[in-house]
Structure formats: C-alpha cells, structure tokens
Amino acid sequence: MATTNPTKRSARSAPSTSRSDAGKTSATASKAIGQTAGKDAPLKEDIRLLGRLLGEVLREQEGDEVFDVVETIRQTAVQFRRESDAKAGAELDKLLKKLTRDQTNSVVRAFSYFSHLANIAEDQHHNRRRRAHLLAGSEAQPGSVAYALSRLDDAGVSGTQVRNFLKDALVSPVLTAHPTEVQRKSILDAEREIARLVAERDLPLTPKELRHNTELLRARIATLWQTRMLRYTKLTVADEIENALSYYRITFLRELPALYDDIEAEIDSQFPARGKARVAAELPPYLQMGSWIGGDRDGNPNVNAATMQHALKRQSTTIFDYYLEEVHTLGAELSISTLMVDASPELLALAAASPDHSEHRADEPYRRALIGVYARLAATARALGVVNILRQEVGAAAPYAGPADCVAELDVLVASLQAHHGAALVKPRLAGLKRAVEIFGFHLATLDMRQSSDIHERVLADLFNKAQVEADYAGLSEERKIALLLGELAKPRLLHSPYLAYSDETNSELEILRTAREIRRRYGERAIRNYIISHTETLSDLLEVLLLQKETGLLHIEGNQLKELDLMVIPLFETIPDLRCAAEIMRGWLKLPQVKTLINKQGKLQEVMLGYSDSNKDGGFLTSNWELYKAENQLVELFNEAGVKLRLFHGRGGTVGRGGGPSYQAILAQPPGTVNGQIRLTEQGEIIASKFSNPEIGRRNLELLVAATLEASLMPATGDAKEARKIAEFESVMEELSERAYRAYRNLVYETPGFTDYFFAATPIAEIAQLNIGSRPASRKATQRIEDLRAIPWGFSWGQCRLLFPGWYGFGSAVSGWLADAGNAKENARRLATLKAMCKEWPFFAALLSNMDMVLSKTDLAVASRYAGLVADRKLRNTIFGRITDEHERTSSVLSSITGSKERLTANPLLARSIKNRFAYLDPLNHLQVELIKRHRATLAAKRAPEERVQRGIHLTINGVAAGLRNTG
C-alpha cells in the first residue's frame with residue numbers, strides 16, 4: 001500500500017498491466033491468486049485503482065491546487081515513514097502547518113477516505129483468498145466448520161455426539177450500540193456499493209463491462225466525497241437501533257439460514273455412515289442473535305420503557321418485511337400445478353383454507369397456500385404494530401399465535417414437495433425461509449436488559465421506605481439485606497402501592513420491567529429473557545433483581561414458593577475486585593434453595609457475564625486477562641460441583657485492551673470446560689461494521705464462532721498428570737507476572753500525581769466526547785476521574801494518539817522484573833525458557849502474546865510524542881511520557897525474547913504489511929489532529945467561541961485514524 005498513490009491520476013500511477021487500465025478481464029487476478037509470490041497482486045491493483053479514482057475525484061471536486069498539496073504531503077509522508085528521514089519529517093511538519101483551514105479539511109478527508117477504500121480492498125482480498133482456497137479443494141481451513149468437524153472425527157467424536165451437542169448449544173453474538181462507530185450510515189451504504197463493484201471485477205468481464213464498472217466506481221467515490229462524513233446532531237437510541245438493523249438486512253437474514261444449511265451438509269459429509277438423513281428438523285436454532293440496543297440502561301439515561309418498545313417494534317417490522325417479501329417471491333416461483341404432479345392432502349387443505357379463490361390458480365395449491373401464509377403473516381404483523389405493509393394481502397386471515405405455527409405451515413409445503421418429486425425446489429428459498437422463522441421468530445433478536453446494581457438498590461430503598469418495611473435499606477449490612485430480601489420474596493404481597501408517590505427513578509425502573517413482561521407476551525419469550533446486573537459486588541445485588549421481578553409479575557410464585565423466573569438474573573463482574581469475588585458470590589447464589597428451584601426451571605443453566613473493558617481499565621492488560629482466566633476456572637469448578645451448566649457471556653470490545661482480537665483464537669484459548677456449548681459475546685463499535693457489513697465476511701465470522709465452539713467444547717482432553725503439572729507451573733508464573741504488572745499499571749494510572757491531567761491533555765478524549773457517535777455519555781459521572789470514565793472512550797483515546805496503552809502497559813515491567821529477580825544466569829535462562837514454553841504450549845498465553853504483538857505493531861511512539869506535546873506542564877509531560885516510552889521499550893524487548901522474533905507480526909505477514917503500509921497515510925492525519933487540537937484548545941483558553949471548521953477537522957481526523965487502525969474502540 002505504501003507504493004500506492006491515493007490521489008494520483010491514471011497517467012502517473014497505474015501501470016499498463018493494471019486490470020483497470022489495460023482492459024484485461026479480471027481472470028488475470030484469479031491466476032495471480034494461485035501464485036505464491038503474487039498472491040497479493042490483486043490487492044495492490046485494487047488499492048491502486050481506488051486510490052487513482054479518489055485522486056481523480058479530488059482534482060475534479062477541489063481543483064489542481066488541493067490535489068497537488070495532498071500529493072506532496074503523501075510523498076513526503078511516505079519518504080518519512082520508509083526512510084525515517086528527519087528532513088522529510090521536518091518538511092511534513094512544515095507542510096501541514098502551512099495549510100489553510102479549507103485545505104486542512106480537504107487533506108484530512110482525502111487521507112481518511114483512502115483508509116476507508118483500503119479497508120474495502122483488503123476485505124475483498126480476504127474473500128478472494130478464501131475462495132481461492134475453496135477452489136483448490138482446501139475447505140477445511142482453520143476456523144471453518146469443516147476443519148472443526150475433521151478434527152473432531154480424528155479425535156473419535158461421533159456424528160451423533162455432534163448432533164446431540166448442537167441440540168443443546170447456544171452461540172450468540174450480541175450487538176451493542178456503536179459508541180466508537182464514527183461512520184454515518186450514509187457513508188457505510190456508499191462503501192458497501194463500492195465493495196460490491198470491487199468484487200464484481202473478479203468476474204470475467206468484457207472490456208466494455210470493465211469500463212462501465214470503473215465509471216460506476218468513480219461515481220460512487222464522488223458520491224462519497226460529496227456526502228457529509230460526520231453527524232451534526234447527537235445520535236439517538238432510535239438511530240442506533242436503525243444502524244444495527246441494517247446489518248440484519250445486509251448479512252444476518254440470509255447468511256444465518258444459509259450457514260445452518262452448510263453446517264448440516266458438512267456434518268452429513270464428515271459423518272456419512274450416520275448422517276444420511278437431513279437434520280434440519282432435529283436441530284433447534286443453536287446460533288441466535290442478541291442485542292443490547294434499546295435495553296441497555298447502564299449509564300444511558302436515554303434508554304427507558306419507550307425505547308424497549310420501539311426496539312422490538314422496529315425489530316419485528318424488519319423481520320416481517322423480510323418474511324413477506326420472501327413469501328411473495330416464493331409464490332411466484334412455486335407455480336406447480338396438480339395437473340402435472342400430485343400434492344399432499346395437508347398441502348391441499350392448506351390451499352383450501354387460503355383466502356385466494358381465483359380460478360386462475362385453482363390447480364396451483366402451492367401458490368394458494370403461500371397466499372394464505374402471506375395473509376396470516378400480514379395479519380400477525382399488524383397485530384404487533386407493524387405498519388406500511390407494502391403489498392396488500394388478497395383477503396383476511398387469522399394471525400399466527402406464534403412462529404411455531406408459521407413453521408408448521410411451511411413444513412407442510414416442504415413435506416409435500418419432497419414427497420412429490422419437488423425436493424430440488426425446497427432449498428433455493430423455502431428451506432431458508434423456514435429456517436429464518438425458526439431462528440428469528442417474530443422478534444428478530446433477543447433484547448437484553450442491563451442496569452447498574454446501585455440503581456436497583458435505590459429503587460428498593462424507596463419501595464421499602466414507602467411500605468414502612470425498612471427505613472434505611474442502603475445502610476443495612478450485607479447479611480441483613482439478604483435476610484430482608486429473602487423474606488420479602490417468600491411473601492405473596494407486593495411492596496408497591498398504586499396509591500403512594502415514588503421517585504421518578506423508581507417509577508421508571510418498574511415501568512421498564514412491566515414493559516418487558518408485555519413485550520414477552522406480544523413477541524414471544526425469546527424477545528427478552530436476560531437481565532444483566534452491572535457492577536455486581538454482592539449476593540444481594542442478584543436478589544434485588546429477583547424481588548423487582550416479583551413486583552412486576554416476572555417472577556411467578558405459588559404460596560410462598562418461587563416457581564419460575566421470566567428473566568434470567570445475570571451478574572456482570574467487571575473490575576479486578578469483582579472478578580476475584582465472582583466465584584464466592586455465585587457459590588452463595590447456587591446454594592440458596594429458592595434459587596435452585598428457579599435454576600432447575602432454566603434447564604439447570606445459569607449465565608455469568610465477565611467484563612473485559614473495565615477490568616482492563618482497572619488493572620491493566622495482563623492482570624485483566626489473568627483474573628478473567630482465573631475467574632472462569634473457579635466458576636467452572638463451582639458449577640460442576642453444583643451440577644449446574646455454566647454459560648459465560650464475554651463482554652468483549654474492539655480493542656485488545658477491551659478483550660478484542662480474533663474471536664476464533666479467543667474462544668479456543670478459553671480455560672477447559674468454560675465453553676461447553678454455551679457462549680455469548682458482545683460485538684461492539686466499528687467491529688460490527690468490519691465483521692458484518694459485507695455478507696461474505698459476515699458469514700465467515702459467524703462460522704468462526706460455531707467452529708470454535710465445537711472445537712473448544714468437544715475436543716477430548718489430552719492432558720495427563722505431567723501435562724497438568726506443566727499447566728500448574730505456567731499458572732504459577734502467570735500469578736507472579738500478573739501481580740507485578742498490576743503494581744506497575746496501578747502505580748502509573750492511579751497513583752502518579754498528574755496522570756489524569758496528562759491523559760486529558762495528551763489524548764483527544766475531550767474532543768471525542770463531543771463527537772455524535774453514541775447516545776451514551778463518555779463518563780458515568782460528570783467528573784474527570786479515570787474511575788468514572790467509561791472504558792470505551794478510554795481505549796478509543798489511547799488508540800487515536802497511537803499509544804494503544806491499554807493493550808500492553810505493565811507486561812514489560814512484569815517480565816523483566818521477574819527475570820531480573822532470578823538471582824543468577826542459570827535461573828534467568830530457566831525462567832526465560834519457561835516463558836517460551838508457555839508461548840508455545842499454552843493457548844491462553846499464546847493468544848495473549850499474539851494480541852499484544854498486534855497492538856505493539858500499531859503503536860508509534862514518534863507520533864505519540866506529538867500528542868505528549870499538548871501537555872503544557874513540561875515536567876509532567878516528560879515524567880509520564882518518559883515512563884510510557886520506557887515501558888514500551890521493556891515490553892517490546894521481552895516480547896522479542898519470548899517469541900524469538902525482533903519484528904512484529906512475523907506469524908501474520910499480510911497484516912504486518914497492511915499495518916506498515918497504512919502508517920504513511922495515518923501520519924498526516926495524526927499530525928493534523930495535533931495541530932487542530934492546539935488551535936481549538938487555544939481558542940477555548942482565550943474564552944472565544946470555538947471555530948466550527950476546526951472542530952470539524954478534528955472530528956474528521958478521528959474518523960480517519962479510527963478507519964486506518966480498524967479496531968480502536
């Protein structure tokens with residue numbers, strides 16, 4: 001990419017052998033795929049083409065002068081990056097400072113859009129390489145279900161075991177809001193069209209078709225240039241809901257059902273002796289979508305009962321729109337006549353019940369039956385509040401009582417076709433529609449509810465006080481709280497009275513729970529079934545939510561016995577102290593007789609959520625990962641003792657500091673017994689767009705989750721006593737390293753005077769808080785304390801200044817200190833050998849180092865030093881940044897000693913090249929961001945009104961850097 005010009009015109013950039021310029025068909029790209037030396041040639045061609053077209057648009061839209069400025073900056077930045085040329089660096093700095101305000105924003109947009117276009121080209125190349133492997137017969141690549149099934153077969157796992165496993169499994173990616181998604185939906189839509197056109201160029205196109213494709217690409221890039229990149233109004237929860245729903249239309253609605261078919265075909269192929277029969281009717285939907293958007297109230301005052309209702313209505317509208325369109329299309333396709341082939345009595349009865357009595361379709365029972373299905377779906381949609389149904393149904397019909405009734409009628413069509421020489425007609429659309437109804441129901445995705453434990457405490461304190469049960473609930477000891485809560489749970493009467501006045505907070509929280517009950521009644525039990533408690537610190541935090549469910553009809557009681565719970569109570573353990581208390585709190589929970597009854601009704605299953613973001617902000621990268629690992633092991637042991645199945649919900653973010661990184665490796669690196677067929681994990685920020693805005697990539701990412709869950713759950717344990725001793729030794733080393741890393745991290749972040757001031761000055765955190773990128777405030781409280789800052793803007797800010805501090809700080813001090821304390825050279829060598837063995841033989845440690853390696857490859861101290869210059873206090877600046885640079889050197893050094901490689905990402909050369917080549921285009925954005933922040937803050941310090949153009953420039957650079965780094969949130 002560094003050799004590519006994002007703005008040059010055709011005559012100066014693209015060689016004559018380019019697909020776009022030579023007029024060759026794109027079959028040449030297919031040939032290049034198979035050549036080891038040239039396998040990245042199509043990627044370079046795509047980037048060169050997109051860069052050239054962006055340059056042409058820039059010249060056309062902004063003129064020669066701006067084009068030449070951008071080109072000069074690009075060449076200087078490339079020279080500086082390639083050659084570490086100090087003169088080039090000074091020249092780059094001089095060029096950027098000379099820019100006018102108008103030129104500044106044009107330069108920022110040019111480099112930002114190049115990052116966006118490079119992302120599109122790289123995604124297309126990933127798809128291209130995957131198809132090349134498939135064409136070469138290499139379907140069983142790591143991360144594919146075929147690979148997982150092959151490994152399981154080799155390990156002696158049978159097809160029956162796999163099928164039985166999937167009957168009880170749940171794999172659920174949960175979309176959260178986009179607090180780091182700095183792209184507008186209009187931008188994302190335009191980029192998806194560009195991606196489609198780039199993919200089209202791999203087809204055998206005639207010269208005329210290729211020219212037409214190029215013209216369309218130029219037009220779409222021009223549209224992109226003329227579309228406002230930023231939001232000028234605050235993003236609302238309703239906006240976030242619509243953003244999320246767009247990914248269902250693009251990817252999930254079609255790709256999920258298709259993935260089920262592929263997985264079932266792979267099972268039949270891998271286990272042919274026992275897998276001749278299709279298993280579609282046998283396997284329930286084990287891969288389901290979840291959402292927090294509209295139900296996550298923690299720290300977001302904009303989420304309430306109305307947003308929950310709106311979320312389900314929009315979700316329901318989305319899925320019914322899809323069903324109705326598919327049924328309508330299916331009716332056009334299934335023109336089968338009984339004059340040509342028989343149909344089953346059940347199908348004929350379904351056709352007879354249809355409101356369609358046209359003579360023209362008297363012999364076409366499938367069409368008549370589908371017209372009836374359409375009418376029932378339309379009636380159901382209207383009953384659930386869906387409006388603007390595009391096609392009016394033929395006649396009235398009764399709504400479905402639930403999705404199962406719709407599936408039953410579709411099954412009638414399937415069975416009739418299969419029994420009368422029409423099996424080939426099932427798969428193209430009918431099978432996918434039926435599977436979609438099974439997966440998405442009438443609710444589309446399960447909406448989780450989340451609230452902070454301190455809110456629950458305040459609401460119950462209000463209820464207890466007004467009911468004259470306890471005047472100071474919050475002041476009670478933990479033991480007395482538990483006793484009071486258990487006592488109230490055993491009483492049939494309610495605390496709440498419609499004749500008493502309560503706080504607005506109490507009324508709002510109770511109304512939200514009542515709304516959840518109504519949503520479940522309207523849309524089905526899967527619509528809402530989880531209640532997550534943030535900041536779970538005590539057993540009473542869980543019991544409080546039980547009592548609140550009792551108050552709102554969600555906890556069912558007979559006499560004084562708890563019978564069944566509608567919403568599973570799920571603790572979220574976030575900070576380091578919380579993680580260390582997790583097993584003990586859950587031990588108390590599982591021991592309660594009342595809770596045992598409820599858990600039995602849940603299928604002897606209990607979910608626990610673990611927070612990666614706050615534990616990292618609290619204790620640093622190494623300690624966060626280690627405490628999560630330990631908590632998982634302790635929970636597995638505890639739940640096994642109790643005979644209860646554990647489902648872990650991983651609250652991962654985009655950055656490595658927030659639990660990000662490759663999902664496949666992350667799942668396989670989980671401690672033994674922690675997956676067990678049950679896993680939920682959050683998908684957040686710009687990661688949602690990068691994973692699911694392209695259908696092919698989205699399907700691949702969904703398959704990765706299933707494949708990893710199969711492997712992590714079903715692969716037989718191979719360890720013997722010797723292996724157990726080795727892992728125990730590794731864990732002992734990790735405990736020592738974690739304690740050292742924790743001290744180093746806490747000492748800098750929480751114990752060094754002035755660190756908070758440094759952070760707020762040396763990162764664009766204040767400017768990020770002003771971006772309209774989410775409905776949630778950047779801080780939980782109106783303070784500048786690190787403790788109150790949400791983990792998302794914390795990580796996002798460190799990414800912008802190119803330090804990515806949360807993804808590595810503390811590791812160098814921990815390892816170097818541990819090695820230095822060896823006492824002699826022999827022991828030092830033994831300890832280093834142990835670390836190397838941990839990297840090679842322990843998946844947990846290998847994944848940790850791999851993620852840190854990636855973060856360090858994106859870290860740039862030279863750029864970060866420019867941000868440090870924003871700190872006015874020179875002594876503070878030198879002290880803090882000096883400590884950070886020293887730790888970076890230590891971390892890089894010890895990582896190289898452990899892995900044996902001085903270079904970053906030697907195991908992933910494609911990513912290494914991508915990151916290295918991007919730096920030349922990120923550097924100007926970072927340098928400009930610093931200059932614009934200086935101007936902006938100087939204006940504020942002078943108590944003058946901020947300049948809109950400067951603010952816009954800052955926000956544009958934030959967009960560009962986020963796009964260039966790809967996982968900054």
Side-chain angles (χ1 to χ4, degrees), residues 174-178 185-186 188-189 235-257 285 288-296 303-330 370 373-393 396-407 410 432-449 515-516 518-529 688 692 775:
V174 181
L175 304 189
T176 73
H178 292 49
K185 185 175 179 297
S186 299
L188 292 171
D189 290 343
L235 199 67
T236 67
V237 179
D239 294 327
E240 292 172 336
I241 290 168
E242 293 307 315
N243 282 342
L245 291 177
S246 68
Y247 296 102
Y248 285 87
R249 300 183 190 99
I250 296 163
T251 296
F252 300 125
L253 294 180
R254 294 191 183 280
E255 298 304 327
L256 257 182
Q288 300 177 23
M289 297 303 300
S291 175
W292 276 16
I293 309 172
D296 177 14
V303 176
N304 52 37
T307 59
M308 286 174 54
Q309 290 172 322
H310 180 73
L312 262 299
K313 184 176 179 179
R314 291 299 303 137
Q315 288 181 192
S316 186
T317 297
T318 299
I319 194 58
F320 274 106
D321 284 349
Y322 176 73
Y323 293 158
L324 291 169
E325 185 62 31
E326 287 296 286
V327 171
H328 173 76
T329 306
L330 196 57
L370 285 164
V373 170
Y374 186 98
R376 296 197 69 182
L377 281 170
T380 309
R382 288 195 178 91
L384 293 177
V386 176
V387 294
N388 297 326
I389 293 173
L390 293 180
R391 294 184 181 86
Q392 183 70 31
E393 59 269 38
Y400 289 113
D405 290 351
C406 182
V407 171
L410 295 175
L433 173 62
K434 173 178 167 290
R435 177 61 84 179
V437 179
E438 293 170 341
I439 297 169
F440 302 113
F442 295 159
H443 65 290
L444 186 68
T446 298
L447 182 68
D448 284 357
M449 301 174 69
T515 299
E518 175 62 16
I519 286 171
R520 285 171 56 85
R521 184 191 68 78
R522 285 173 60 81
Y523 298 97
E525 294 180 354
R526 282 170 55 197
I528 297 182
R529 54 186 176 183
I688 297 176
F692 302 118
S775 64

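Predicted, not measured: the structure shown is a model, and the values here were computed from it.
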One should read off an interatomic distance between Ile293 CD1 and Asn243 CG, to the nearest 0.5 angstrom, of 8.0 Å
Asp321 meets the side chain to side chain donor-acceptor pair (under 3.5 Å) criterion, sequence neighbours left out, with none
Across all chains, not counting sequence neighbours, the side chain to side chain donor-acceptor pair (under 3.5 Å) partners of Arg254 are Glu326
Residues at least two apart in sequence or cross-chain that pass salt bridge (Lys or Arg N to Asp or Glu O under 4.0 Å) with Arg314, listed by chain then number, are Glu242
Sorted by chain and residue number, the salt bridge (Lys or Arg N to Asp or Glu O under 4.0 Å) partners of Glu518 (sequence neighbours excluded) come out as Arg521
OH of Tyr523 to NZ of Lys313, rounded to nearest 0.5 Å, is 7.5 Å
Here the pair of heavy atoms bringing Gly294 nearest to Ala311 is CA-CB, 4.3 Å
So OG1 of Thr515 and CG of Leu312: to nearest 0.5 Å the spacing works out to 10.5 Å
Contacts of Asp189 meeting salt bridge (Lys or Arg N to Asp or Glu O under 4.0 Å) (sequence neighbours excluded), chain-then-number -> Lys185, Arg192
Closest non-hydrogen contact found for Ile389 with Ala381 is CD1-CB, 4.1 Å
SG of Cys406 to CG of Leu433, rounded to nearest 0.5 Å, is 6.5 Å
Exactly one of Ile319, Thr317, Leu377, Leu324 clears side chain to side chain contact (heavy atoms under 4.5 Å, CB included) with Val386, and that residue is Thr317
* To do: Apply side chain to side chain contact (heavy atoms under 4.5 Å, CB included) to Val373 and Tyr400, showing your working.
  => CA-CA 9 Å; Val373 170; Tyr400 289 113; 3.6 Å; yes
For residues 442-449, dump all side-chain donor-acceptor pairs below 3.5 Å to protein atoms at least two apart in sequence or in another chain.
residue	atom	partner	partner atom	Å
His443	ND1	Phe440	O	3.1
Thr446	OG1	Arg526	O	2.7
Asp448	OD1	Asn530	ND2	3.0
Asp448	OD1	Arg680	NH1	3.3
Asp448	OD2	Trp292	NE1	3.0
Asp448	OD2	Arg680	NH1	3.0
Asp448	OD2	Arg680	NH2	2.9

Does atom CD of Glu525 have more than 12 heavy-atom neighbours from other groups under 6.0 Å away?
no
Sorted by chain and number, sequence neighbours left out, side chain to side chain donor-acceptor pair (under 3.5 Å) with Gln315 holds for none
For Val174 and Ser291 the tightest heavy-atom approach is CG1-N, 3.6 Å
dist Leu253:CG -> Thr318:OG1 (nearest 0.5 Å) comes out at 7.5 Å
Hits for ring-ring contact (aromatic ring centres under 6.0 Å, His included) against Phe692, two or more places apart or cross-chain, chain-then-number order -> Phe252
For Ile519 and Ala527 the tightest heavy-atom approach is CG2-CB, 4.0 Å
When Ile241, Asn304, Val237 are each screened for side chain to side chain contact (heavy atoms under 4.5 Å, CB included) with His310, the one that passes is Ile241
Closest heavy-atom pair, Ala436 versus Tyr322, reported as atoms and distance to 0.1 Å, is CB-CE2, 4.1 Å
His328 meets the side chain to side chain donor-acceptor pair (under 3.5 Å) criterion, sequence neighbours left out, with Arg391
Here the side chain to side chain donor-acceptor pair (under 3.5 Å) pairs for residues 374-390, sequence neighbours left out, are Arg376-Glu409, Arg382-Glu393
Residues passing the side-chain contact (heavy atoms from CB on, under 4.5 Å) test with Ala379, sequence neighbours excluded, are Pro399
Taken to the nearest 0.5 Å, the spacing of Ile439 CD1 from Gln288 CD works out to 8.5 Å
